[in-house]
2 protein chains.
Amino acid sequence: MPPSTETLTAERILEATEEVLRRHGPAKATVVDVARALGVSHGSVYRHFRTKAALREAVTKRWLDRTTGMLAGVAEADRDPEARLREWLAALFEAKRRKAGDDPELFATYTVLTGENEAVVEHLTELTDQLTRVVQDGIDAGTFTVTAPATTARALFQATALFHDPGYAGEWEKPGAEEEFTALLDLLVRGLKA
Amino acid sequence: MPPSTETLTAERILEATEEVLRRHGPAKATVVDVARALGVSHGSVYRHFRTKAALREAVTKRWLDRTTGMLAGVAEADRDPEARLREWLAALFEAKRRKAGDDPELFATYTVLTGENEAVVEHLTELTDQLTRVVQDGIDAGTFTVTAPATTARALFQATALFHDPGYAGEWEKPGAEEEFTALLDLLVRGLKA
DNA sequence: CAGCTGACAGATATTGAAATCTGTCAGCTG
DNA sequence: CAGCTGACAGATTTCAATATCTGTCAGCTG
């Protein structure tokens, strides 16, 4: 609507794309819609993003990076490793649950987007790397008695998939979910400390 | 094709339905197809199953019960609880992986069917009940030091979702899958024995 | 008369023609 | 001339007409 006199930047296109996705959903959001929202021709959008897929990937990466950044803070906090591990996994669960609960349609939109992207692979790698660092610290501190931090971190991440994989979003608001998460976390921490 | 002279039974209808599902897939398999395969009118099928959904549910239940029965044998074997637990989870993973690998289309068909049914809830309950018995035996034998067998069994089942939930079937044939499964199982068993 | 048939109404799926979208590019504009 | 436009070809989506399916039931058949 606002034809705007500002220069057309990748950043402005990404913002407009998010808005169009929010309004129309992943199936109906078109590059033409994005151009219209910016008051430019769709050819201009293709000057900044080679394909529609590249544009969607960039928006997805942006969204995933917000979570990654938030969790990095929790992972690096200067506390004892067990508390940090518990806090990190709880923060991941809580962040996902909040997003899914607050705006289910937008969450569904991003679930579709992450499903069609390769960007999500890097994201998962980054998250398990953060977890690996926490596990390593726990080993160094003598709290955890496991030997392979990277393998263990992957196992922890996979074991808690039910509480962060978007495919299970429907389970997150059920009554016993919090208790089940705690029970699982307790079992895993027992395993780490042996 | 064979109009058959035998009586029309629920069992024969279920077999024909499985065959039609195998041939046409879940989206295109119709009650008319099933009737045609049996050489009867579709009205006759409705004499045995009130709705198409009921028919599909019966076929699904049948399929799920095969796995449940197989695992019951593993769960009841007279061995030490830790070995039984490992064997049970490995058998579950192996059974799913084999089904998905041998006939991906049929597996996809049943994945759709289980997704639309309530029958799957009972199935999951039955499986966690089997696991609970193994955990209980482990506690009784003094091998496992956890306290709540049912809660722990649910945690174990959820933690291994990546290796039995059809949604992750694509991961099962990847190179490191077996090692990741073992790593996770080791961590969980450590937790049980504390 | 128990069990099956086939016609029927309303719901759902298929189809193909028309509309829209993606990605390109020659040329316009400031 | 750097950046934008708008027309275009081919791919994809939409939409409405048509066909098929689901579930019922009155009546046929052995």
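Convention: sequence-line order gives letters A, B, ...; per-chain numbering from 1. Keep in mind it's a predicted model, so treat the numbers as computed, not measured.
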Below 3.5 Å, can you tabulate the donor-acceptor pairs from side chains in residues 19-34 of chain A to any protein atom, sequence neighbours excluded?
| from | atom 1 | to | atom 2 | distance (Å) |
| --- | --- | --- | --- | --- |
| A:Glu19 | OE2 | A:Arg23 | NH1 | 2.7 |
| A:His24 | ND1 | A:Val20 | O | 3.3 |
| A:Thr30 | OG1 | A:Val32 | N | 3.4 |
| A:Thr30 | OG1 | A:Asp33 | N | 2.9 |
| A:Thr30 | OG1 | A:Asp33 | OD2 | 3.1 |
| A:Asp33 | OD1 | A:Arg36 | NH2 | 2.9 |
| A:Asp33 | OD2 | A:Thr30 | N | 3.2 |

What's the spacing between B:Gln136 CD and B:Asp129 CG if we round to 0.5 Å? 12.5 Å
Side-chain donor-acceptor pairs of residues 176-184 of chain B under 3.5 Å, sequence neighbours excluded:
| from | atom 1 | to | atom 2 | distance (Å) |
| --- | --- | --- | --- | --- |
| B:Glu178 | OE1 | B:Arg97 | NH1 | 3.2 |
| B:Glu178 | OE1 | B:Arg97 | NH2 | 2.6 |
| B:Glu180 | OE1 | A:Gln158 | NE2 | 2.7 |
| B:Glu180 | OE2 | A:Arg154 | NE | 2.6 |
| B:Glu180 | OE2 | A:Arg154 | NH2 | 2.7 |
| B:Thr182 | OG1 | B:Glu178 | O | 3.0 |

Answer yes or no: are there more than 12 heavy-atom neighbours, outside B:Glu11 itself, under 6.0 Å from its atom CD? yes
Could you write out DNA chain C as dot-bracket? Rules: Watson-Crick or G-U wobble, both distances under 3.5 Å, brackets [ ] for crossings, | for pairs with another strand, dot for unpaired. ||||||||||||||||||||||||||||||
If you count every heavy atom of other residues, nucleotides or ligands that lies below 6.0 Å from A:Lys193 atom NZ, does the total exceed 12? no
Looking at residues 54-63 of chain B, who's got a heavy atom less than 4.0 Å off DNA chain C? none
Any side-chain heavy atom of A:Arg190 within less than 4.5 Å of one from B:Val146? yes
Kindly assign one of parallel, tilted or perpendicular to the pair A:Tyr168 and B:Tyr168, based on the angle between their ring planes and the thresholds 30° and 60°. tilted
Distance, nearest 0.5 Å, that separates CD of B:Gln130 from CG of B:Leu92: 9.5 Å
Each nucleotide of nucleotides 10-23 of chain D classed B (base within 4.0 Å of a protein heavy atom), S (only sugar-phosphate) or -, in 5' to 3' order, makes -----------SBB
Does atom CD of B:Glu105 have more than 12 heavy-atom neighbours from other groups under 6.0 Å away? no
Can you tell me how far apart CG (A:Leu89) and CZ (A:Phe163) are? Round to the nearest 0.5 Å. 11.0 Å
Separation between CZ (B:Arg133) and OG1 (B:Thr128), nearest 0.5 Å, reads 9.5 Å
Are any protein N/O atoms closer than 3.5 Å to N/O atoms in nucleotides 2-4 of chain C? If there are, list each pair with its distance.
| from | atom 1 | to | atom 2 | distance (Å) |
| --- | --- | --- | --- | --- |
| C:dC4 | N4 | B:Arg47 | NH2 | 3.1 |

How about A:Leu131 and A:Leu85: do any of their side-chain heavy atoms sit closer than 4.5 Å? yes
